[in-house]
Trainee: 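One structure coming up, written as structure tokens, with questions to follow.
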Amino acid sequence: MTENLVIVESPAKAKTIEKFLGKDFLVKSSFGHIRDLEKKEFGVDIENNFKPNYIISYDKKSVVKELKGLAKEAKTVWLASDEDREGEAIAWHLQEALNIDDNKTRRIVFHEITKNAILEAIQSPRSIDKNLVNAQQARRILDRLVGFEVSPVLWKKVKPQLSAGRVQSVAVRLIVEREREITAFVPTSAFRVQAVFIVADDKGKLTKLKAELNKRFKTKEEAQAFLEKCINSEFEVSDVIKKPAKRTPAAPFTTSTLQQEASRKLGFSVSQTMSVAQRLYESGYITYMRTDSVNLSSLAINTAKSKIIQLFGDDYSQTRKYKTSSKGAQEAHEAIRPTYMENESVSGSKQEQRLYELIWKRSLASQMSDAKLEKTTINIKVSNASEFFVATGEVIKFDGFLKVYMESTDDEEENHGEAGLLPPMKKNDILKHETIEAVERFSLRPPRYTEASLVKKLEEQGIGRPSTYAPIITTVQNRGYVVKEDRPGEERAFTTLSIANGTVKEEVKKENYGTEKSKLFPTDIGSVVTDFLMKNFDMIMDYNFTAKVEEQFDTIAEGKQEWNKILADFYKPFHKQVETTLEVSEKANGERLLGTDEKTGKPVSVKIGRYGPLAQLGETGDAETDEKPKFASLQPGMSIETISLEQALDLFKLPRDLGDYEEKKVTVAVGRFGPYVRHDNKFVSLDKSDDPLTVTFERAIELIEAKREKDRKAVIKTFDDEPELRVLNGRWGPYIAFKKKNYKLPKGTNAEELDFDNCMKIIKEAPEPRKTKRKKK
DNA sequence: CAGTGAGCGAGCTTCCGCTTGACTT
């Protein structure tokens, strides 16, 4: 029998701690929360002071059973869940669910997984902080009330199966509003003037110097006038200004900053980062990856220091303590850092190695000295004009932390990176110009969110927690509110002016802009739901709602307020909104009238239908003519908010009848899988370059014939005795098709040599397809 | 797999935060 049972949240943590504590301690894990509100019948008795009804979560039954047995045998049970609201609640639920006596329960906490921290914790146990637990219960119950009262309103007023919640609805709102800012954005253009000067040094060696004019011109005429003045101007250095500057390293990683940097530097998605980090954590290479703390243990700071001195010398070391600035941080863990700072790399997959290296560099850099720079600004006056050119350069005098790590940024500004060292120059030097060019540049619209920049925004607002950032991104996409995709950019013309042979030459060039990769776009349903919620549940949709209720939860944690009182205060006005909305609110479908079809004189509108966004031609309920309206689904990438009348009318042109081929109709249309040609009940996808609205009969036949040829090649073997049995060539190589089912060939089979008996044998021996319990759709 | 959009009614959906695997593609 073990004297001491220690329960932590994570199994990897349990393993580490067990080593520190020795044989008198058995360390087990609860795998997070073990109980939650009952889902059926709400799980909260609102009439009865919001009494929660907790049940053991389905997938925790065996864990709880095991822990219960161990707890019964142990003399002392140490509840060592995290030191935050959720951790305290886990400890309390454990005590309740495992039925542990108060006098044999000890509550302990530690912020870092080091031997000292753990031994110290064992020396100073406390009891469960019921106020903190109550703050968690209030949080949990409030989220249930919001989610389970508002979602059904959406089912009735918008569409079944939709969801709303304190976090997800606000996340969608951010994306919807950003998209509308982008739609409303009107770019302005201005002419930026850049010059390349030739500078000669003492020995007559020539170097180029790029400089930009201190002013942008609003019109082409102004830019032209300036360039004309330049033709006969002299260019003289009027100022050389040198200023020292410094840069400071960024704090070590939290979950949110790790997700951002892994996205920018390694191109990882938010969930990819988390699963790679999880593996590093389980291998013992890094500390816990779900944290909002930037704190490093003194042990880590010391090993980082000696590593830095060993690698780069004393000058590069500067120990620092970082403070968390993000709203609502609970700081139960350390920052994310290598377990052993001295390990520059670890074994594992390529991804694991790259993420580890990123974490190692960031952690090490955070304990290094500032980089010292010298910024040089050179002003060059133009004899015939009042404007002047400015060249800037930056020289690193001492690299400090930049030796290992440089943080990236999200901005899409075109000219990153300053020029490095400038050629030596002094006041009154006269410069010759190589080129002077005025280029029309357009203002930038607000950027769309990436997964990582959305996480950053949410964290800034105190919305969501490190353990939920990745799931939030998944949820809003699974609910169909948001899509992550690439979109092609558009082409636009811009004007350039340059000096050539003593005159100003004008050219019109083309550029692509607005190309998006892996960005978050709202869907129509996302926009409609957001509008509906904004109109009827402004309280929940307020960006400050979470911050406000967090303040309330804090007063509960401090013992200044009763948790049921806080909930009652919230629930009263909230529930009234629910009832009023159910009563008075119209069904929301985002309907928008686009105009009238000139041919038929009928109205054209768009809205969200049962199966998604659609365009409608004509009106319903015309009893006299008994004429039903025409419907057409919107195509991917179209939105009911931005579609034009012409685009909508185009949708009704499909399916198009192209004529007869082999006495059967050839039609072209757009289906769920894109544009296709249909002939004799067979479908052939159109090429990317084909437009279903204009594709010709000849081209359609070409596609049909190509498909036939391909199908012929797809059949490797048929059997006279059994027409339903065929050996086919598919996307993943040869396979057997038999009675509508497909069977893969055992490795090393030569498809050409298969005979009837071989095939039947493979079919017979094929493993039963496994049962799947897919939740989605 | 290449559609749908009338209307009725039964039965279902849904939240946020802690944790990992066990599942697909």
Trainee: For nucleotides 9-11 of chain B, which of its nitrogen or oxygen atoms have a protein nitrogen or oxygen under 3.5 Å away, and what is each distance?
Mentor:
none

Trainee: Can a salt bridge be assigned to the pair A/K602 and A/E619 using a cut-off of 4.0 Å between side-chain N and carboxylate O?
Mentor: no
Trainee: Can you check nucleotides 18-21 of chain B for protein contacts, nitrogen or oxygen pairs under 3.5 Å, and list what you find?
Mentor:
{"residue": "B/dC18", "atom": "OP2", "partner": "A/S467", "partner atom": "OG", "Å": "2.8"}
{"residue": "B/dC18", "atom": "O3'", "partner": "A/E9", "partner atom": "OE1", "Å": "3.3"}
{"residue": "B/dC18", "atom": "O2", "partner": "A/H33", "partner atom": "N", "Å": "2.5"}
{"residue": "B/dT19", "atom": "OP1", "partner": "A/Y288", "partner atom": "OH", "Å": "2.5"}
{"residue": "B/dT19", "atom": "OP2", "partner": "A/Y288", "partner atom": "OH", "Å": "2.8"}
{"residue": "B/dT19", "atom": "OP2", "partner": "A/R290", "partner atom": "NE", "Å": "2.9"}
{"residue": "B/dT19", "atom": "O5'", "partner": "A/Y288", "partner atom": "OH", "Å": "3.3"}
{"residue": "B/dT19", "atom": "O4'", "partner": "A/G32", "partner atom": "N", "Å": "3.4"}
{"residue": "B/dT20", "atom": "OP1", "partner": "A/S10", "partner atom": "OG", "Å": "2.5"}
{"residue": "B/dT20", "atom": "OP2", "partner": "A/Q278", "partner atom": "NE2", "Å": "3.2"}
{"residue": "B/dT20", "atom": "OP2", "partner": "A/R290", "partner atom": "NH2", "Å": "2.7"}
{"residue": "B/dT20", "atom": "O5'", "partner": "A/Q278", "partner atom": "NE2", "Å": "3.4"}

Trainee: What do you reckon, are the aromatic ring centroids of A/F631 and A/F652 less than 6.0 Å apart?
Mentor: no
Trainee: Under 4.0 angstrom, heavy atoms only, what part of the nucleic acid is A/R166 near: base, sugar-phosphate, or nothing?
Mentor: sugar-phosphate
Trainee: Atom NE2 of A/H93 to atom C1' of B/dG17: distance rounded to whole Å?
Mentor: 11 Å
Trainee: Counting only distance, no hydrogens or angles, is the base of B/dG5 paired donor-acceptor with the side chain of A/S633 under 3.5 Å?
Mentor: yes
Trainee: Between A/S151 and B/dT13, does any side-chain N or O lie under 4.0 Å from OP1 or OP2?
Mentor: no
Trainee: Between B/dG3, B/dA6, B/dC15, which nucleotide gets closest to the side-chain atoms of A/S163?
Mentor: B/dC15
Trainee: Classify the nucleic acid contact of A/A669 as base, sugar-phosphate or nothing, counting any heavy atom under 4.0 Å across all strands shown.
Mentor: nothing
Trainee: With a 4.0 Å cut-off on heavy atoms, is A/V167 in touch with a base, just the backbone sugar-phosphate, or nothing at all?
Mentor: sugar-phosphate
Trainee: Using a strict cut-off of less than 4.0 Å between a Lys/Arg side-chain nitrogen and an Asp/Glu carboxylate oxygen, indicate whether A/D680 and A/K664 qualify as a salt bridge.
Mentor: yes
Trainee: Whole angstroms only, please: what is the OH-C1' distance between A/Y481 and B/dC15?
Mentor: 12 Å
Trainee: Nearest-Å distance, NZ (A/K159) to P (B/dG5)?
Mentor: 16 Å
Trainee: With heavy atoms under 4.0 Å as the rule, sort A/Q136 into base, sugar-phosphate or nothing.
Mentor: nothing
Trainee: Check whether any side-chain N or O of A/E9 sits under 3.5 Å from a backbone N or O of A/F31 as a donor-acceptor pair, and report yes or no.
Mentor: no
Trainee: Please pick, from B/dG3, B/dT14, B/dG5, the nucleotide with the shortest atom-to-atom distance to any side-chain atom of A/Y611.
Mentor: B/dG5
Trainee: Within this structure, what is the NZ-to-P distance between A/K39 and B/dC16, rounded to whole angstrom?
Mentor: 12 Å
Trainee: Should the pair A/E66-A/K28 be classified as a salt bridge under the 4.0 Å nitrogen-to-oxygen rule?
Mentor: yes
Trainee: Less than 4.0 angstrom from a charged side-chain N to a carboxylate O is my criterion; do A/K548 and A/E551 meet it?
Mentor: no
Trainee: Could you give the CG-to-C1' distance, from A/L37 to B/dC16, as a whole number of Å?
Mentor: 10 Å
Trainee: Any idea which of B/dC15, B/dG5, B/dT13 is nearest the A/T475 side chain?
Mentor: B/dC15
Trainee: Pick base, sugar-phosphate or nothing for A/G464, based on heavy-atom distances below 4.0 Å to the nucleic acid.
Mentor: sugar-phosphate
Trainee: Determine, step by step, whether A/R85 and A/E550 satisfy the salt bridge (Lys or Arg N to Asp or Glu O under 4.0 Å) criterion, reporting the C-alpha distance in whole Å, the side-chain angles of both residues, the deciding distance to 0.1 Å, and the verdict.
Mentor: CA-CA 11 Å; A/R85 205 161 61 198; A/E550 283 291 339; 2.9 Å; yes
Trainee: With sugar-phosphate meaning primed atoms plus P, OP1 and OP2, does A/L145 contact a base, only sugar-phosphate, or nothing at under 4.0 Å between heavy atoms?
Mentor: nothing
Trainee: Could you give the CZ-to-P distance, from A/R140 to B/dT14, as a whole number of Å?
Mentor: 14 Å
Trainee: Rounded to the nearest angstrom, tell me the gap between atom CG in A/D36 and atom C1' in B/dG17.
Mentor: 9 Å
Trainee: Please determine whether a side-chain nitrogen or oxygen atom of A/R479 lies at a distance below 4.0 Å from atom OP1 or OP2 of B/dT13.
Mentor: no
Trainee: What's A/S81 touching, base or sugar-phosphate or nothing? Going by heavy atoms closer than 4.0 Å.
Mentor: nothing
Trainee: Are A/R166 and A/F545 in a cation-pi contact, defined as NZ or CZ under 6.0 Å from the six-membered ring centre and within 45° of the axis?
Mentor: no
Trainee: Is a side-chain N or O of A/S57 found less than 3.5 angstrom from the main chain of A/K60, in a donor-acceptor match?
Mentor: no
Trainee: Would you verify whether the NZ or CZ of A/R144 falls within 45 degrees of the ring axis of A/F148 while also being under 6.0 Å from that six-membered ring's centre?
Mentor: yes
Trainee: Taking the side chain from A/T339 and the backbone from A/G284, do they hold a donor-acceptor pair closer than 3.5 Å?
Mentor: yes
Trainee: Which part of the nucleic acid, if any, lies within reach of A/G43 when heavy atoms closer than 4.0 Å are counted: base, sugar-phosphate only, or nothing?
Mentor: nothing
Trainee: Could you tell me the separation between the CD1 atom of A/I472 and the P atom of B/dC15, rounded to a whole number of Å?
Mentor: 12 Å
